[in-house]
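Here's the structure we're looking at; comments come further down.
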Amino acid sequence: MLNVIIFGPPGSGKGTQSELIIAKYGLYHISTGEILRQEIKKQTELGAVADEYIKTGQLIPDELIIKILADVLDANLGAKGFIFDGFPRTIAQGKALDQLLSEKNTSIIAVLNLAVDEEELLNRLIKRGEESGRTDDDPVVIQKRLEVYRNQTEPLKEFYKKKGKLFTIKGNNSIEDVFEKIAEVLDRLSFQAK
Ligand code: AP5
Ligand code: MG
């Protein structure tokens with residue numbers, strides 16, 4: 001399996017690049033943010049819980065999100081590979097993902113870290129907020145999301161660097177240029193996938 005994590009702060013282009021990766025490599029997309037937004041839309045119990053965290057820019061508790069992820073993995077075991085978008089977001093989630101994949105005799109092949117400066121992130125998200133309808137694309141909540149990223153999610157870079165799996169890609173360039181760099185990494189590594 002070709003299992004890839006697309007990593008980076010809010011607005012760095014994880015969703016945008018995931019679509020291009022799926023089109024080229026046929027991977028199954030798991031965006032935990034999308035899953036939660038669907039639950040909110042369907043007005044489920046989980047959606048009601050998620051809404052409270054999302055609209056204030058906080059992370060959903062690890063236990064809850066790990067369970068959701070485990071269920072999605074189990075339901076899609078026939079996939080050629082997965083692209084994890086927005087997961088893991090804490091060290092605990094990273095460890096859980098390693099465990100879940102090793103139980104299936106597979107592992108993460110690369111963590112694609114999209115590096116974008118904060119000013120550009122803010123511009124992108126404020127612009128998107130004008131029409132996205134996302135409750136968290138609000139200037140105050142965006143600041144909170146960036147803070148949560150720095151405190152809780154960024155330490156994962158070191159976690160994956162130590163494993164030799166971190167590939168940093170400059171995310172400020174055009175969507176096409178960023179994807180070209182991603183494809184270079186994936187083409188180089190895909191033969192190692194198991
Ligand atoms: P999630 O949905 O994962 O959001 P996020 O990480 O904050 O990131 P975004 O989706 O806003 O940005 P993105 O990196 O996908 O960028 P995009 O491609 O859209 O999470 C939302 C919330 O759900 C969390 O805050 C949390 O509450 C909860 N949650 C989710 N997962 C969780 C987990 N694992 N644990 C706990 N809680 C969890 O691009 C952004 C904009 O920029 C777009 O308008 C796009 O068109 C534009 N753009 C993209 N690339 C470029 C480029 N190269 N040049 C110019 N513009 C670009
Ligand atoms: Mg996204």
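Position 1 is the first residue of the sequence, and the numbers go up from there. Just follow the structure's listing: the first ligand is 1, and inside any ligand the first atom is 1.
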Who passes salt bridge (charged side-chain N to carboxylate O under 4.0 Å, His left out) against Lys42, sequence neighbours left out?
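Per chain and number, Lys42 pairs via salt bridge (charged side-chain N to carboxylate O under 4.0 Å, His left out) with Glu39.
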Considering residues at least two apart in sequence or located in another chain, which fulfil the salt bridge (charged side-chain N to carboxylate O under 4.0 Å, His left out) criterion with Lys163?
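Counting only residues at least two positions away or on another chain, Lys163 forms a salt bridge (charged side-chain N to carboxylate O under 4.0 Å, His left out) with Asp98.
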Proximal protein residues to ligand 1, non-hydrogen atoms under 4.0 angstrom:
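Lining ligand 1 at under 4.0 Å, by heavy atoms, one finds Pro9, Pro10, Gly11, Ser12, Gly13, Lys14, Gly15, Thr16, Thr32, Gly33, Leu36, Arg37, Ile54, Gln58, Leu59, Ile60, Ile65, Gly86, Phe87, Arg89, Gln93, Arg124, Leu125, Arg128, Arg134, Asp136, Arg145, Gly171, Asn173, Ser174, Ile175.
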Any ion pair linking Asp177 and Lys181 (charged N to carboxylate O, less than 4.0 Å)?
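Here Lys181 does not pair with Asp177 in a salt bridge, since their nearest N and O are not under 4.0 Å apart.
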Verify the distance criterion only: is there a donor paired with an acceptor across the side chains of Glu103 and Gln99 at less than 3.5 Å?
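Their side chains do contain a donor-acceptor pair, which is all the 3.5 Å distance test asks for.
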Donor-acceptor pair between Asp62 and Gln93 side chains, under 3.5 angstrom
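Yes, side-chain donor-acceptor contact under 3.5 Å.
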For Lys157, which residues count as a side chain to side chain contact (heavy atoms under 4.5 Å, CB included) partner, sequence neighbours excluded?
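Applying side chain to side chain contact (heavy atoms under 4.5 Å, CB included) to Lys157 gives Phe7, Asn113, Tyr149, Glu154, Leu166.
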